[in-house]
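Residue numbers begin at 1 in each chain, while the letters A, B, ... track the order of the sequences.
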There are 2 protein chains.
Amino acid sequence: MRVAMNRIPPQKMNATEQAYSIIRNNILTGKLAEGERLTETRLSGDLGLSRTPIREAIGRLIMEGFIDRQQGYTTRVAHFPQDEAEQVFEIRRLAECYSVERAARLATPEDIAELRRIHAAMKADTPPRDDAAYQRLTEANEAFHRTIVNAARSPRLTALMTTALDVSMVVRTYSMFSDKDLMRSLNHHEEIIQAIEARAPKWAASIMSAHLLAGAARVSERAAKPDPAKE
Amino acid sequence: MRVAMNRIPPQKMNATEQAYSIIRNNILTGKLAEGERLTETRLSGDLGLSRTPIREAIGRLIMEGFIDRQQGYTTRVAHFPQDEAEQVFEIRRLAECYSVERAARLATPEDIAELRRIHAAMKADTPPRDDAAYQRLTEANEAFHRTIVNAARSPRLTALMTTALDVSMVVRTYSMFSDKDLMRSLNHHEEIIQAIEARAPKWAASIMSAHLLAGAARVSERAAKPDPAKE
DNA sequence: TGGCGTGATTTTGCATGCAAAATGAGAGTA
DNA sequence: TACTCTCATTTTGCATGCAAAATCACGCCA
């Protein structure tokens, strides 16, 4: 990393969380290149923090597989397979379907009301008129999915989804979708809520699966650059 | 936690990993009770370490959802739903099936040889003659599954399975299985290897699923005891 | 009794210091 | 040149210190 690492300090967080989120982001965006060696001292200099929070952040990222510790004192940005994003997406899809199945059984009226509230907000912004609307839509979408995961009442699942299977690893924004895509997505959300209200786990899971696969199809379509080979 | 926490120091690890693994274990076994408040100072006293490694361990356990940070300076052992184990098991099953699908496509001859080697060792110990054999069997079984996950060539998946979905959260030992169970399990392993050799992802996934569900059925059968109140 | 300030104490967050281990550069030898 | 051995430097692991924030105990007042 010769060029300065992106170190926008995300709102008010303590130093450890900042370090974690900045380093993670810089790995995800490639600003910290695969295989690049990391030292606590350099990172602490770059981020303007002491080594302690950097150490904690690195330790977590090692656990999550973003950073590798070689034999001794050598620490490097992990090397990712090309299909990393698809893999994460696929595992996430399995986990989300499982979540919504549980949510269909366990959601409280409050959970459902919350989903309806978020859904209404998204509806009001679809189709989005400006960048702010895209931004709101992206955030509301994340909130929608997060609410479902929470409704599954599984702390483990929640932890999984917010770290190892974080959306930021797959898609970051709604801005790549057409209005038609967004309408379909909205309808999916509507139907997911209905399935949860109907206490129909399989229905909910099926729609959720379709919902995610539809999004993925769109993403990989857009990403269709030269890239031959592959199934 | 009034009684002394179990602090068997697991082989040669650095202080942070020791702290992580000891605290995690004591949570899993209930020696650190749900909802119990944790302070760095007390833990560091109990484990004979300074606060630094304790802090790092706690940070990781919070990320994984074993420990909760309440609003301010209050940190507690997370509260687990009764069906926690089943949930973890179910998510793990999904992830393992996905792993073996990928493994069936991506496994190298070396991976397969390794699986055969482990399988042969397990065969030699089935049925197990003594406790040592049970111990070896348990470890070989973990190695078998770990080898498959590695063969899936997905660092993210590997990280997931070794932390959030760690087997220790579901079943810890083979000693609850009958000889007949163990034979069936061994046959599953054999067939999984065959499916991988045949490059048949779906076959591999199906057997894997059966393999895990068979084990789970046995576990929940045995677990069907009165279970009075809790401490 | 019950609720609410208020100050002492505890607890965390982070920086820093130091020792042990690992890395890397350079000299010496075949 | 290629290899290895040695030693200076770097790097990590951990303990400790200190300030800011939160918790807790206690007394006051209604």
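- Taking each heavy atom of A:A33 and A:V77 in turn, the nearest pair found is O-CB, 3.2 Å.
- Across the helix from C:dT1-D:dA30 to C:dA30-D:dT1, the helix axis at one end is tilted relative to the axis at the other end by 20° (nearest 10 degrees, each axis from five pairs).
- A cation-pi geometry, defined here as NZ or CZ lying under 6.0 Å from the six-membered ring centre and within 45° of its normal, holds between A:R156 and B:F66.
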Steps toward side chain to side chain contact (heavy atoms under 4.5 Å, CB included) verdict (A:Y98, B:L94): CA-CA 9 Å; A:Y98 178 66; B:L94 296 173; 4.1 Å; yes
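- Results of the side chain to side chain contact (heavy atoms under 4.5 Å, CB included) test with A:R24 over A:I27, A:I22, A:L28 single out A:L28 as the only residue that passes.
- Taking the 5' to 3' direction, DNA chain C first and last meets chain A under 4.0 angstrom from a heavy atom at C:dG13 to C:dG24.
- Residue-to-nucleotide proximity on DNA chain C shows that, of B:L38 and A:S50, the 5′-proximal contact is made by B:L38.
- Using a 4.0 Å cutoff on non-hydrogen atoms, the parts of residues 51-61 of chain A near DNA chain C are A:R51, A:T52, A:P53, ordered by number.
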Verdict with reasoning, A:L47 to A:I23, per side chain to side chain contact (heavy atoms under 4.5 Å, CB included): CA-CA 9 Å; A:L47 302 192; A:I23 297 171; 4.2 Å; yes
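- For A:P128, the side chain to side chain contact (heavy atoms under 4.5 Å, CB included) criterion is met by A:A133, A:Y134, A:L137, A:D179, A:L182, not counting sequence neighbours.
- Side chains of A:R102 and A:R105 form a contact here, defined as non-hydrogen atoms less than 4.5 Å apart.
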Sugar-phosphate or base contact per nucleotide [nucleotides 5-10 of chain D; S, B, -; heavy atom under 4.0 Å]: ------
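- At least one side-chain heavy atom of A:I193 sits less than 4.5 Å from a side-chain heavy atom of A:F144.
- With A:P53 as the partner, the side chain to side chain contact (heavy atoms under 4.5 Å, CB included) test is satisfied by one option alone out of A:L43, A:T16, A:N14: A:T16.
- Between B:Q71 and B:L49, the residue anchored nearer the 5' end of DNA chain D, judged by the nucleotide with its closest heavy atom, is B:L49.
- Taking 4.5 Å as the limit, every side-chain heavy atom of A:I62 sits out of range of all side-chain heavy atoms of A:D68.
- Sorted by first and then second residue, the salt bridge (Lys or Arg N to Asp or Glu O under 4.0 Å) pairs involving residues 107-117 of chain A (not counting sequence neighbours) are A:D111-A:R153, A:E114-A:R117, A:R116-A:E190, A:R116-A:E197.
- If you check the side chains of A:T75 and A:R69, you find a donor sitting under 3.5 Å from an acceptor.
- For the 3.5 Å distance criterion, the side chains of B:Q70 and B:R76 qualify, holding a donor opposite an acceptor.
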